[in-house]
Amino acid sequence: MLKVLKFGGTSVANLEKIKNVSKIISKQRDEGHDIIAVVSAMSGETNKLLKYAHKLSKKPKKNELDMLLSAGERITSSLLSIVLNEHNYKTISMSGRIAGIVTDDKHTNARIKSIDVKNLKNEIKNGNIIIVAGFQGITYNTNRVSTLGRGGSDLSAVAIAGAIKADLCELYTDVDGIYTTDPRIEPKAKKLNKISYDEMLELASSGAKVLQNRSVEMAKKLNVNLISRSSFTPDVEGTLITKEENIMEKPVVSGIAVDKDQVRVGMFKVSDKPGIAASIFSSLANEDINVDMIVQTVGVDGKTDLDFTIPTNDFEKCKNVMEKFVKDTQKIDYNEFICKISIVGVGMKSHTGVASKAFSTLAQEGINIRIISTSEIKISMIVEEKYAELAVRALHEAYNLDK
Ligand code: ASP
Ligand code: MG
């Protein structure tokens, strides 16, 4: 097989760990696979470099930051290549430029436009293990080094896997796969063998933080089979993230995610006329506040209730924005101590009773649900934060996720 293996910052955090990664690579090589490894900077390295720049300047130029930050990944790629050589494996390390990764001109947050796989293909043909510095490319117009935004080396790996039509893209981190829920909350959580792209995206946007959404979206678009697994327990098979069609037995519910970083904003008796919602949400958008759930009821007597949630980080900013709307409503109510519990599963599309089971499970525990919203494969509920763990465990059991 042709495999792209990606190693995150914690997997290459020091020389011992880099040696450990070299063993994972050499083992796969011995099994006969062609390998392109994509690496992150050693953990903490990118932050350290950023700090240097900010000590010297309040506003360093973004193209210089890219030049600086891209060095972190290059250090890892060459070190890994050097260890593998030491064990008589033929390798070649590549910067993003040599690997053919071309991006737009948005320094520090560039998007990949195209990948010229010529060098990659040639070096595979030459029998080399290729080690690519992740997180970087070169700009299309100006031919400068660019970086893809924090956590961007996952994207490099997925994009390369898609461009070169690799059989698999394995993302190595410090967790060994995707679980039915957070094992720190529910020790009976089970690792999933497979999960669809859409379920993974819903879980990630609902608070499960294993994989970056942008890379799962790209994997879906490019049809890349992703595996999430750990470099610390390489013998444990990870979780395959793939097309729904590749999953024969579709579970009704695949996982439960919790997001405690949410604040609920309630507006009571808002004037029920065109333009109010537009004006509220465009003001929030102008401040870059990412609104998550929005619920509005049917108006009575020209008034309606409007509830929405925002990330805790944006709370202060949001309160400022909402000042403007005090006159349009009877009362604005903020609730910081809430959390969002989301139940995700493709099987919901074809099964009934999934939502009612969630509600009755929480009712039995005496947990009041403040907001409910559903999509095709997700049911989200806002409950008081103090009930987060209890709710997750009860739901995990109700849907038999430990079986
Ligand atoms: N080193 C970069 C960061 O820390 C990219 C990555 O690790 O994926 O954000
Ligand atoms: Mg990282």
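What you see below is based on every heavy atom in this structure, not just the backbone, and it leaves out hydrogens, waters and symmetry mates. Every number for a ligand or one of its atoms is a count from 1 in the order of the listing.
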Under 3.5 Å: donor-acceptor pair, side chain of Ser283, backbone of Ser279: yes
Any idea which atoms of ligand 1 are less than 4.0 Å away from a heavy-atom of Thr46? 1 (N), 2 (C), 3 (C), 4 (O)
Within a 6.0 Å radius of atom NE2 on His87, are there more than 12 heavy atoms belonging to other residues, nucleotides or ligands? no
Can Gly152 be said to touch ligand 1, with heavy atoms closer than 4.0 Å? yes
Considering both backbone and side-chain atoms of Lys6, is one of its nitrogen or oxygen atoms within less than 3.5 Å of a nitrogen or oxygen in ligand 1? no
Flag side-chain contact, heavy atom, 4.5 Å: Ile343 against Met348: yes
Please report whether ligand 1 has a polar contact with Ser40, defined as an N or O pair separated by less than 3.5 Å (distance criterion only). yes
Does CZ in Arg74 sit with more than 12 non-hydrogen atoms of other residues, nucleotides or ligands closer than 6.0 Å? no
Any N/O of Gly151 closer than 3.5 Å to an N/O of ligand 1? yes
Ligand 1 atoms in contact with Ser153 (distance to a heavy atom under 4.0 Å): 5 (C), 6 (C), 7 (O), 8 (O)
Atoms in ligand 1 with a heavy atom of Arg150 nearer than 4.0 Å: 3 (C), 4 (O), 9 (O)
Crowded around Lys220 NZ? As in, over 12 foreign heavy atoms under 6.0 Å? no
So is Glu73 in contact with ligand 1, going by heavy-atom distances below 4.0 Å? yes
Cation-pi between Lys48 and Tyr52: NZ/CZ under 6.0 Å from ring centre and within 45° of the ring axis? no
